[in-house]
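This report concerns only the one structure given below.
Keep in mind that the numbers below use all heavy atoms, side chains included, and drop hydrogens, waters and symmetry copies. In the text below, chain A, chain B and the rest are named by the order of the sequence lines, each starting its count at 1.
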Number of protein chains: 2
Amino acid sequence: MSSKSTKESIIDAADQLFYQQGYEKTSFADIAQAVGITRGNFYHHFKTKDDILASVINLRLENTADMLEQWQEDSQSPSERIECFIKILIMNRAKIRLYGCPVGTLTTELGKLEHPQLNNANQVFLLFSDWLEQQFLALGHTQNARELARHLLARSQGVATLASAFHDEAFLYQEVDTLTEWLAQYH
Amino acid sequence: MSSKSTKESIIDAADQLFYQQGYEKTSFADIAQAVGITRGNFYHHFKTKDDILASVINLRLENTADMLEQWQEDSQSPSERIECFIKILIMNRAKIRLYGCPVGTLTTELGKLEHPQLNNANQVFLLFSDWLEQQFLALGHTQNARELARHLLARSQGVATLASAFHDEAFLYQEVDTLTEWLAQYH
DNA sequence: AATATCTTAGGACAACTGTCCTAGAGGGTT
DNA sequence: AACCCTCTAGGACAGTTGTCCTAAGATATT
């Protein structure tokens, strides 16, 4: 196992734990146990807990950018692409039901902690926002493309929050239908 | 200062701190400092941190029930009452911009912590949900009153989440307008 | 085979966590 | 005056936190 692989393992484990338990609750000991290394060994890869968080956010930024690029290639029309976004609520329903949206819950927590990495975490939101805005622009909504993008982003956040609070997947399906109908009026 | 008053002070301070910093981040030391008592003195009023949380949630339940009752009395029509709900986004915009929605952020955090008080915290959501459902029923939407109530609840959650992430009050006003228009179609 | 670099385990460190105990101050009732 | 009960301050307790050091092991290069 090379150094890079161990470092990546740490980031992956931290990514999951931050999502499932929250950043504040997750300790070095938790991550170390998940990876299978000792706590002391940590310092060689990351100086501080904030360093790990920064790496986790960078990983999420990369993964999100890749996913959006994939959607861009795979779909023929802007409305199809927007539907891809809506459907991640279904794709990730099991985890959303348990932990909410990884983007929204992290930014919310970092906001309360007044954490310096909050702006970086918000970049993930901005990736989605800008990409959605592009799609609405392509649909011809030049006046309010950003407004529509943020609106859709907020709707998906709300759905994730309630689905998680009530552990209710049925609500998730229902709201995805409502969102698809909403989208139809902007074709 | 009587005992009851000190206990209430603790609950009030914890209420604010749990909202502003989160439950996990807030320590006994934080609360003690906010109230102006020593940490050791705590045990006389609350046995555990969970006890404080339970009291905070009960306080929020009472306050929410009172507020809903007030709206019920003060407004003449169901749609006016629903507008009261929508407008709390404006009323509390300063705090929402900083800390998000107190109900949504707490249930999200407790969900990740798998905290036994999660169900109690969800009761606050249920108060709103049931009350909104009543209003939609009164408007004649017998088939989908609950669906509409949950939908509106989710929308307001999403607005709060994004307004907090982007520290954007303008978005909040804009989405309140959108929600008011949405409501108009159900009069 | 010898050397240099990278990676690891183990533990030390002070600070903080939630919890709990004890001694005494304060006020009211007999 | 003597008593009781409520409340408080101060500190003890074991455990955990993030951080950091050191010594040894592993790996690669010469």
Practice task
Select one nucleotide: of dA12(D), dC6(C), dC20(C), the one nearest the side-chain heavy atoms of His44(A).
Solution key: dC6(C)

Fill in the blank from the handout: Glu24(A) atom CD is separated from dT17(D) atom P, nearest whole Å, by 11 Å

Exercise for the section: Report the distance from atom NZ of Lys47(B) to atom P of dT19(C), rounded to the nearest whole Å. Expected result: 11 Å

Practice task
Under 4.0 Å between any heavy atoms, over every strand shown, what does Ser27(A) touch: base, sugar-phosphate, or nothing? Just pick one.
Solution key: sugar-phosphate

Handout entry: Polar side chain donor-acceptor pair, Arg150(B) to Ser129(B), under 3.5 angstrom
Key = yes

Exercise for the section: Go through the side-chain N and O atoms of Asn144(A) and Tyr186(A) and say whether any donor and acceptor fall under 3.5 Å apart. Expected result: no

Practice task
Look at the side chain of His45(B) and decide which nucleotide, out of dT19(C), dT8(C), dT8(D), has an atom nearest to it.
Solution key: dT8(D)

Exercise for the section: Select from Asn41(A) and Ala29(A) the residue whose nearest nucleotide in DNA chain D is closer to the 5' end of that strand. Expected result: Ala29(A)

Handout entry: Among dT19(C), dA9(C), dA9(D), the nucleotide that comes nearest once only the side chain of Ile37(A) is considered
Key = dA9(C)

Exercise for the section: Consider the side chain of Phe28(A), meaning its heavy atoms from C-beta on, and name the nucleotide among dA12(D), dG10(D), dT19(D) that approaches it most closely. Expected result: dT19(D)

Handout entry: Protein-nucleotide distance (Phe46(A), atom CZ; dT8(C), atom P), rounded to Å
Key = 12 Å

Problem - Length of the CZ-C1' vector between Phe42(A) and dG10(C), whole Å - result: 15 Å

Problem - Hphob cluster co-occupancy, Leu137(A) + Phe85(A), side-chain heavy atoms under 4.5 angstrom - result: no

Practice task
Rounded to the nearest angstrom, tell me the gap between atom OH in Tyr23(A) and atom C1' in dG18(D).
Solution key: 10 Å

Practice task
Select one nucleotide: of dC20(D), dG10(D), dA12(D), the one nearest the side-chain heavy atoms of Tyr43(A).
Solution key: dC20(D)

Completion exercise
Ranking dT8(D), dC20(C), dG18(C) by distance to the side chain of Thr6(B), first place goes to dT8(D)

Practice task
Grab the two heavy atoms, one from Tyr19(A) and one from Cys101(A), that are nearest each other, plus how far apart they are.
Solution key: CE1-C, 4.1 Å

